[in-house]
Amino acid sequence: MTEPKWKHSILYAASIYAVLYLVHSSILHKLLLGHEKLHIKRNPVLPLRFRSDGTFKILQVADMHYANGIVTRCRDVLASEFKGCSDINTTRFVKRMIESEKPDFIAFTGDNIFGPSTSDAAESLFGAFVPAVESKLPWAAILGNHDQESTMDREELMSFISLMDYSVSQINPSHNDLATSDIDGYGNYHLGVYGPPGSKWANSSILNLFFLDSGDRAVVQGIRTYGWIKESQLRWLVGLSEKLRIKH
Ligand SMILES: *[C@@H]1O[C@H](CO)[C@@H](O)[C@H](O)[C@H]1NC(C)=O
Ligand SMILES: *[C@@H]1O[C@H](CO)[C@@H](O)[C@H](O)[C@H]1NC(C)=O
């Protein structure tokens, strides 16, 4: 007596399924875990909010030009200061600023990393934003014309930055911000700062911060120049600010 054929088919299908399952799960394992533990983004307390004394302090940091950390020497310092001066001095400076000023929010406004001296954009971003991440304060960044000159393009940079701990950066407008998929650049977003706790403005934004990507470089009529803010971005800015004004 031979076994019915369908029994073999089921066994065969089951073993294929088992092999596929194992391959699939080990690949997934590598993707998700790499060599390190799975990291879930840490978020700051939101929304951004004025303090009870009615203040909201922003620390703005531009042009850190961070590259490879301790091996990247300082530029534009006196010859006598050159020795022992590196990106780490920038890190210490930003940390000191955060400690002494105690801001509520940090805004990094471009040339955070310096592409031409950077060998790995992800490593540089981690290094550049160490003071902000360690402070656990909400922080946001946009790009300058040097950020994308190494291993990541502007879209990759903004998506990486938006996934870093305590970052409230966004790649482009969120859906509640009159989504415009055809907006120029990467790093156009709005953040509302709410009124002090317990006040009558506690549930609404009373200060609107707009971040706009001013581009990197451009060639106009054969002449090399810098980028600029485009019509699509202005339409978004004007539209959203009108919408926010009507709400109040
Ligand atoms: C850079 O940091 C080192 C170590 O703290 C310090 O000795 C040096 O003076 C700093 N350089 C500048 C130019 O501030
Ligand atoms: C804000 O929202 C909270 C929670 O919904 C509510 O308890 C509070 O009364 C609201 N405050 C104002 C000023 O609307």
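What you see is a predicted model, and the numbers here were worked out from it, not measured in a lab. In each ligand, atom 1 is the first atom listed, and ligand 1 is the first ligand listed.
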Practice problem: Check the surroundings of atom NZ in Lys136: do more than 12 heavy atoms from other residues, nucleotides or ligands lie under 6.0 Å from it? | Solution: no

Quiz item: Name the residues in contact with ligand 2, where contact means a heavy atom under 4.0 Å away: which are they?
Solution: Ser199, Lys200, Asn203

Practice problem: Enumerate the atoms of ligand 1 whose separation from the nearest heavy atom of Asn89 is less than 4.0 angstrom. | Solution: 1 (C), 2 (O), 3 (C), 8 (C), 10 (C), 11 (N), 12 (C), 14 (O)

Quiz item: What atoms of ligand 1 come within less than 4.0 Å of a heavy atom belonging to Gly84?
Solution: 1 (C), 2 (O), 3 (C)

Self-check item: Donor-acceptor contact present, side-chain Ser100 to main-chain Arg96, <3.5 Å
Solution: yes

Exercise. Name all residues meeting the salt bridge (charged side-chain N to carboxylate O under 4.0 Å, His left out) criterion together with Glu81; count only those two or more places apart in sequence or in a different chain, and write none if there are none.
Key: none

Quiz item: Taking only residues two or more places apart in sequence or in another chain, which ones pass ring pair (Phe, Tyr, Trp, His ring centres under 6.0 Å) with Tyr66?
Solution: none

Exercise. Answer with yes or no after comparing the ring centroid distance for Phe129 and Trp139 against a 6.0 Å cut-off, counting only values under it.
Key: yes

Practice problem: Determine, step by step, whether Asp147 and Arg154 satisfy the salt bridge (Lys or Arg N to Asp or Glu O under 4.0 Å) criterion, reporting the C-alpha distance in whole Å, the side-chain angles of both residues, the deciding distance to 0.1 Å, and the verdict. | Solution: CA-CA 8 Å; Asp147 290 271; Arg154 295 175 78 79; 5.6 Å; no

Self-check item: Co-members of Val77 in a cluster of I, L, V, M, F, W and Y side chains, linked at under 4.5 Å
Solution: Phe82

